[in-house]
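I have a structure I would like to understand better, so I am pasting it below and will then ask my questions one at a time.
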Amino acid sequence: MKKALLLSTLLFAGAANADFLGVTAEAGAFSPDVSDAKYATHGNVSSPMDLDGKTGAYFGIALDHPIPLIPNIRLQHVSLKADGSMGSAPAKLDLSNTDYTLYYRFLDGLFWLDFDAGVSLRKIDGSATISGSKHDLSDTQPLGYASAFVTLPGTSLSFGGEVKAGGYGGTSITDTTLKVKYETPFFVGLEGGYRAISMDLNDIDNRDVKADFKGAFIGAFVHF
């Protein structure tokens, strides 16, 4: 009984000193340029695509908790669409995707630093349309994830970035974000920065697709 009471006391003390459940939600607009775009039926020589990126939405939500060993959860979605041509044929490309991330928070405000790391699964749910013929592009790829931010002492301004990279089966994906955030005293904040997404997809629904989406984004977030 004494051991159980001691264990309960220690657990309660740890929970009392840990953060309670935290929620962060974000949404905004991403306006990328598209470069180095190529497309082919798997096994054939890729043809270059001349594409213009379209401004699309992004959103995400993260849940942080104080329970040891159990990872935190983050969901993010971004719309990646472009249109133009492939040779003389009109073309459209959609590489919109959703990331499901499990991560640990290794630093949470210590010396004004935040650092997270974990793993993501990227679910690609898009398509390629050439001369009016649409081909679905659907795949799931594993990525490593890391995020680091520093808050300027005495302010509500922070800056940093996050990186996701990985892939298997000949596919390679890198996704790098540089971000500046300002949080008001009312749990609402503004964010903006630059994002570069490179996707080299091998044999995705019998298609080989490559494209780089790079550009600025701006949005808002709530954190409580």
Side-chain angles (χ1 to χ4, degrees), residues 26-62 71 73-103 118-147 162-177 194-217 219:
E26 61 181 353
F30 177 40
S31 183
D33 294 323
V34 181
S35 61
D36 199 20
K38 299 177 181 178
Y39 177 82
T41 301
H42 181 60
N44 293 335
V45 178
S46 295
S47 298
M49 306 175 78
D50 184 12
L51 301 174
D52 294 320
K54 302 175 69 175
T55 298
Y58 73 86
F59 61 84
I61 186 169
I73 301 172
R74 188 179 187 188
L75 180 147
Q76 294 169 290
H77 177 84
V78 62
S79 176
L80 296 179
K81 296 182 179 181
D83 53 28
S85 61
M86 188 174 76
S88 60
K92 295 182 179 181
L93 183 62
D94 181 356
L95 294 181
S96 300
N97 57 80
T98 303
D99 289 346
Y100 303 89
T101 302
L102 299 178
Y103 67 94
V119 294
S120 294
L121 284 179
R122 172 159 296 186
K123 178 68 173 67
I124 302 166
D125 187 14
S127 63
T129 304
I130 313 297
S131 294
S133 179
K134 185 176 181 180
H135 305 278
D136 290 334
L137 301 173
S138 179
D139 197 14
T140 301
Q141 291 285 331
L143 307 174
Y145 164 79
S147 172
E162 64 182 55
V163 176
K164 295 175 184 173
Y168 78 97
T171 287
S172 176
I173 298 173
T174 58
D175 187 346
T176 304
T177 299
Y194 182 83
R195 186 172 182 180
I197 304 171
S198 178
M199 303 180 71
D200 189 352
L201 310 177
N202 180 65
D203 194 13
I204 174 174
D205 288 331
N206 199 37
R207 298 293 188 274
D208 296 332
V209 184
K210 187 180 188 305
D212 295 341
F213 292 78
K214 301 178 181 180
F217 67 90

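Values below: all heavy atoms of this structure, side chains included; hydrogens, waters and symmetry mates excluded.
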Determine the minimum heavy-atom distance between A89 and I130, stating which atoms define it.
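So the two residues come closest at CB-CG2, 4.2 Å.
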Using 0.5 Å steps for rounding, measure from the CE atom of M199 to the OG1 atom of T171.
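It comes to 8.5 Å.
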So, S198 versus K210: side-chain donor-acceptor pair below 3.5 Å or not?
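The criterion, which ignores hydrogens and geometry beyond distance, is not satisfied for K210 and S198.
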Under-4.0 Å salt bridge between D99 and R122:
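The answer is yes: the pair qualifies as a salt bridge.
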Drop me the distance from I173's CD1 to K164's NZ, to the nearest 0.5 angstrom.
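These two atoms lie 10.5 Å from each other.
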Report the distance from atom CE of M86 to atom OG of S46, rounding to the nearest 0.5 Å.
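It is 9.5 Å, given to the nearest 0.5 Å.
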Rounded to the nearest 0.5 Å, how far apart are CG of L95 and CG of L201?
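With rounding to 0.5 Å, CG (L95) is 6.0 Å from CG (L201).
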Is T176 reaching over with its side chain to a backbone N or O of V163, donor-acceptor style, under 3.5 angstrom?
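Pair absent, no side-chain N/O of T176 close to backbone of V163.
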Crowded around K54 NZ? As in, over 12 foreign heavy atoms under 6.0 Å?
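Check fails, neighbour count at 12 or below.
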Report yes or no: does D208 contribute a side-chain atom to a donor-acceptor pair with the main-chain N or O of D203 at less than 3.5 Å?
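Present.
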Take atom CG in D36; do more than 12 heavy atoms of anything else shown fall under 6.0 Å from it?
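Yes, enclosed.
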For the CD1 atom on I73, are there more than 12 heavy atoms of other groups (residues, nucleotides or ligands in this structure) within a distance under 6.0 Å?
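Counting other residues, nucleotides and ligands, CD1 of I73 stays at 12 neighbours or fewer.
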Which value, rounded to the nearest 0.5 Å, describes the distance between D200 atom CG and T174 atom OG1?
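If I round to the nearest 0.5 Å, the distance is 9.5 Å.
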CD1-OG1 distance between I124 and T98, expressed to the nearest 0.5 angstrom
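The CD1 atom of I124 sits 10.5 Å away from the OG1 atom of T98.
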Residue pair Y103 / A62: nearest heavy atoms and the distance that separates them
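Heavy atoms only, the tightest pair is OH-CB, 3.8 Å.
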Side chain D50, main chain S85, donor-acceptor under 3.5 Å
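Absent.
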Minimum heavy-atom separation for A196 and K214, please, with both atom names.
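Minimum heavy-atom contact is CB-CG, 3.8 Å.
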What I'd like to find out is whether the side chain of S138 reaches to under 4.5 Å of the side chain of K123, using heavy atoms alone.
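S138 reaches K123 side chain to side chain.
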What's the shortest heavy-atom distance between Y168 and T140, and which atoms?
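It is CE2-O, 3.7 Å.
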Taking atom types as modelled and ignoring hydrogens, do the side chains of Y145 and R74 form a donor-acceptor contact shorter than 3.5 angstrom?
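The criterion, which ignores hydrogens and geometry beyond distance, is satisfied for R74 and Y145.
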Indicate yes or no for a side-chain donor-acceptor contact from H77 to the backbone of N97 under 3.5 Å, with no hydrogens or angles considered.
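Such a contact is found between H77 side chain and N97 backbone.
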Using modelled atom types and a 3.5 Å cut-off, is there a donor and acceptor pairing between side-chain atoms of N202 and backbone atoms of G169?
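Yes, N202 side chain to G169 backbone: donor-acceptor pair under 3.5 Å.
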Check for a donor-acceptor pair, side chain of S96 on one end and backbone N or O of L80 on the other, with a separation under 3.5 Å.
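Present.
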Please report the shortest heavy-atom distance between L121 and P142, naming the atom on each side.
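Between these two residues, the closest heavy atoms are CD2-CA, 4.0 Å.
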Does the side chain of V78 come within less than 4.5 Å of F213's, by heavy atoms?
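Result no, sub-4.5 Å side-chain heavy-atom pair not found.
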So which heavy atom on A128 is nearest to which on L137, and how close?
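Closest pair (atom of A128, atom of L137, distance): N-CD1, 3.9 Å.
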Heavy-atom count check: over 12 atoms from other residues, nucleotides or ligands less than 6.0 Å from K38 NZ?
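At most 12 heavy atoms, drawn from other residues, nucleotides or ligands, come within 6.0 Å of this atom.
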Sub-4.5 Å side-chain heavy-atom contact between T177 and Y58:
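Side-chain contact under 4.5 Å: no.
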Just wondering, do L93 and V34 contact through their side chains at under 4.5 Å, heavy atoms?
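Side chain of V34 against side chain of L93, heavy atoms only: no contact under 4.5 Å found.
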